[in-house]
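This report refers to the structure that appears directly beneath it.
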Amino acid sequence: MAGNFEAIDRRLRRLTEMQRITAVHQASAALREVWSTDRQPAFVKLRSHLLYQGDADQQPLTCLVNSRGIALRFYLLAIFEAQCRLNVGDQWKNVRGLARERLSWSDFVAIDGAYDTKTGTYMADTKQGRDRQALRLRQVQGALRTLEEFAPRRSLVTIPRTKSGGRLYGAFSLMTEEGRGELQTPNAYTVPSRGWNGNRTLTISIPSDFFLNGWVQVLTPSEVATWLILRELSQYAPTKHVEEGVYLYGKMRTEMFGLKRDAWEDSCHMLRNLGLIRYFKPGDPQADNANGGFSLGIYFAQLTRDRYEPYRYQITDQGLLEDAQERVIKEVTLLRASARPKKASPDINPDQPPTSS
């Protein structure tokens, strides 16, 4: 995204509007109430199957990253909600409405609202008289459609139909990260236990602060996917993560995770500036603030890096303790300033002699 001024400007405008209407604060407060009234998990466990590509036409992470809307965010929020109230092995059952009631699914989602490009304002008057609650509901419904519209065995939700074929969104069922499966009985979501299958970690641990402090609301899908992949690598090889850092070569990134180079590099750049990852340096990355800013050690480490060697990263969870919205607005503002097109200097006619004063 670096250098794409229009995209950066649009992101900053949305973040600023969400800050003005306290959308992220309200969504985070709803999530914190759900978290505090029951199990209060320190970490949320995500099965690694969500990240890895299957067959050529089965790429859930790629589809979620590339889709418009909040599908990836909603699926992560649904898992967070489940693990706040269910024990390991318990099967998920929906206990919430989509909207128009307290602590509904729409309450967990922060959006900016409808923007009118002609007037440059939000929530212009319309014949339908739409409000932000209705817009959040539409976003949730769109996320459910996206999560269902994979090939049947990889669908991440199922939605029953009316006799006429309409979707009963409020009766949706959450599927496991592997997808619905091929059997007649769907593979309904259950809270996983942490485990090991001899090949890779079965689950990724996500600190609850990722949800409670607003990060899930303000990071882009590419940034979330990149962060989850780096977490998976760090937990797959914890000793290597501390001693050498973790990395991805291009072939593994595209064939295993389906992420393009630009999305990966831009996301790593932003995550590092936000203090959620850092370039490798000796020592436990969780031992101090370990933000992504400049340090002499990191500078010399980059100088000695071979040009064909990928950057090595470490996860730094201390950054999750910050207010996500304020931190992201700060970094996107700086990014916007650096990406702003420079004004072209007036052409000079070489045949015209200089004027004397």
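- Taking each heavy atom of Asn87 and Val191 in turn, the nearest pair found is O-CB, 3.4 Å.
- Using a 4.5 Å heavy-atom threshold, the side chains of Thr220 and Val224 count as separate.
- A side chain to side chain contact (heavy atoms under 4.5 Å, CB included) with Leu50 is found for exactly one of Thr176, Ile204, Leu156, namely Leu156.
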Begin with the C-alpha distance, continue with both residues' side-chain angles, and end with the deciding distance and a verdict on salt bridge (Lys or Arg N to Asp or Glu O under 4.0 Å) for Glu149 and Arg167.
CA-CA 12 Å; Glu149 287 172 351; Arg167 287 181 171 92; 3.4 Å; yes

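- Tracing side-chain contacts under 4.5 Å through hydrophobic residues (I, L, V, M, F, W, Y), one reaches Leu230 starting from Met256; they form part of the same cluster.
- Across Leu276 and Gly319, no two heavy atoms sit closer than the pair CD2-C, 3.8 Å.
- Side-chain atoms of Arg327 come within 3.5 Å of backbone atoms of Asn273 as a donor-acceptor pair (strictly under, hydrogens ignored).
- No side-chain donor-acceptor contact under 3.5 Å links Arg231 to the backbone of Ile315.
- Side-chain N or O atoms of Arg39 include one that pairs as donor or acceptor with a backbone N or O of Gln83 at under 3.5 Å.
- Side-chain contact between Glu265 and Arg261: present, with at least one pair of heavy atoms (C-beta onward) separated by less than 4.5 Å.
- Side-chain contact check for Leu12 versus Ile8: every heavy-atom pair is 4.5 Å or farther apart.
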Checking side-chain contact (heavy atoms from CB on, under 4.5 Å) for the pair Asp317/Leu320: CA distance, chi angles, key distance, verdict?
CA-CA 6 Å; Asp317 285 344; Leu320 295 174; 4.0 Å; yes

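- For Arg180 (side chain) and Leu183 (main-chain N/O), a donor-acceptor pair under 3.5 Å exists by modelled atom type.
- A continuous path of hydrophobic side-chain contacts links Val246 to Met252 [ILVMFWY only; heavy atoms under 4.5 Å].
- Leu259 and Arg253 make their closest contact through O-NE, 3.0 Å (heavy atoms, listed as atom of the first residue, atom of the second, distance).
- The local environment of CZ in Arg13 is crowded, with over 12 non-hydrogen atoms from other residues, nucleotides or ligands closer than 6.0 Å.
- No donor-acceptor pair closer than 3.5 Å links the side chain of Thr190 to the backbone N or O of Gln91.
- When every heavy atom of Ala324 is checked against every heavy atom of Gly214, the shortest pair comes out as CB-C, 3.5 Å.
- Note that Arg14 lies outside the cation-pi zone of Tyr115, set by a 6.0 Å cut-off to the ring centre and a 45° limit from the axis.
- You'll find the side chain of Trp35 reaches within 4.5 Å of the side chain of Pro41, heavy atoms only.
- Contact of the Phe80 side chain with the Ile206 side chain is not registered, since no non-hydrogen atoms from C-beta on lie closer than 4.5 Å.
- Criterion: ILVMFWY side-chain heavy atoms under 4.5 Å apart, direct or through other members. Under it, Leu103 and Leu137 are part of a common hydrophobic cluster.
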Where do Asp323 and Asn213 land on the side-chain contact (heavy atoms from CB on, under 4.5 Å) test, with the steps shown first?
CA-CA 6 Å; Asp323 182 288; Asn213 291 334; over 6 Å; no

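- Contact record, Ala71 with Leu64: CB-CD2, 3.7 Å, taken as the closest heavy-atom pair.
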Ser208 and Val44: side-chain contact (heavy atoms from CB on, under 4.5 Å), yes or no, with the steps?
CA-CA 6 Å; Ser208 290; Val44 171; 4.1 Å; yes

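- Here Arg145 pairs with nothing under the salt bridge (charged side-chain N to carboxylate O under 4.0 Å, His left out) rule; sequence neighbours left out.
- Distance check: Asp90 CG to Tyr189 OH gives 10.5 Å after rounding to the nearest 0.5 Å.
- Gln217 places a side-chain heavy atom less than 4.5 Å from the side chain of Arg73.
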Stepwise side-chain hydrogen bond (donor to acceptor under 3.5 Å, both in side chains) test for Thr239 and Glu243
CA-CA 6 Å; Thr239 301; Glu243 296 179 354; 5.7 Å; no

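- Atom CZ of Arg136 and atom CG of Asp131 lie 8.0 Å apart (nearest 0.5 Å).
- Residues forming a ring-ring contact (aromatic ring centres under 6.0 Å, His included) with Trp92 (at least two apart in sequence, or on another chain): Phe172.
- When each of Tyr247, Tyr279, Tyr249 is paired with Tyr311, the ring-ring contact (aromatic ring centres under 6.0 Å, His included) condition holds for Tyr279 and for no other.
- With sequence neighbours excluded, no residue forms a salt bridge (charged side-chain N to carboxylate O under 4.0 Å, His left out) with Arg68.
- Partners of Trp264 according to the ring-ring contact (aromatic ring centres under 6.0 Å, His included) rule, which considers only residues two or more places apart in sequence or in another chain, do not exist here.
- Contacts of Arg96 classified as salt bridge (charged side-chain N to carboxylate O under 4.0 Å, His left out), with partners at least two apart in sequence or in another chain: Glu81.
- Leu135 and Val140 fall within a single hydrophobic cluster, where Ile, Leu, Val, Met, Phe, Trp and Tyr side chains are chained together by heavy-atom contacts under 4.5 Å.
- Looking only at distances, no side-chain donor or acceptor of Glu244 sits under 3.5 Å from a matching main-chain atom of Lys240.
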Please evaluate residues Arg336 and Asp9 with respect to the criterion salt bridge (Lys or Arg N to Asp or Glu O under 4.0 Å), reporting the C-alpha separation (whole Å), side-chain torsions for both, the decisive distance (0.1 Å), and the verdict.
CA-CA 6 Å; Arg336 180 180 180 273; Asp9 188 58; 2.6 Å; yes

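- No donor-acceptor contact under 3.5 angstrom links the side chains of Glu148 and Ser155, judged on distance only.
- Proximity of Glu33 to Arg102: side-chain heavy atoms (C-beta onward) are separated by under 4.5 Å at one or more points.
- Here the side chain of Glu17 pairs no donor or acceptor atom with the backbone of Gly113 at under 3.5 angstrom.
- Looking at Arg132, its side chain does come within 3.5 Å of a backbone N or O of Asp112 through a donor-acceptor pair.
- Here the side chain of Thr254 pairs a donor or acceptor atom with the backbone of Lys251 at under 3.5 angstrom.
- Closest of all the heavy-atom pairs between Gln235 and Thr203 is OE1-O, 4.0 Å.
- The backbone N or O of Val218 sits less than 3.5 Å from a side-chain atom of Arg11, completing a donor-acceptor pair.
- Using modelled atom types, one finds a donor on one side chain and an acceptor on the other under 3.5 Å when comparing Trp105 with Asn94.
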Determine, step by step, whether Ser106 and Ser104 satisfy the side-chain hydrogen bond (donor to acceptor under 3.5 Å, both in side chains) criterion, reporting the C-alpha distance in whole Å, the side-chain angles of both residues, the deciding distance to 0.1 Å, and the verdict.
CA-CA 5 Å; Ser106 297; Ser104 64; 4.6 Å; no

Applying side-chain contact (heavy atoms from CB on, under 4.5 Å) to Ser28 and Val24, what does each step give before you reach the verdict?
CA-CA 6 Å; Ser28 298; Val24 175; 4.0 Å; yes

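- Taking the six-membered ring where tryptophan is involved, the planes of Tyr52 and Phe257 are tilted, since the angle between them lies from 30° to 60°.
- Here the two rings, on Phe210 and Trp227, have centers that are under 6.0 Å apart.
- With sequence neighbours excluded, the residues satisfying salt bridge (charged side-chain N to carboxylate O under 4.0 Å, His left out) with Arg47 are Glu177.
- Leu144 and Met175 end up in different hydrophobic clusters when Ile, Leu, Val, Met, Phe, Trp and Tyr side chains are linked at under 4.5 Å.
- A heavy-atom distance below 4.5 Å is found between the side chains of Met270 and Leu335.
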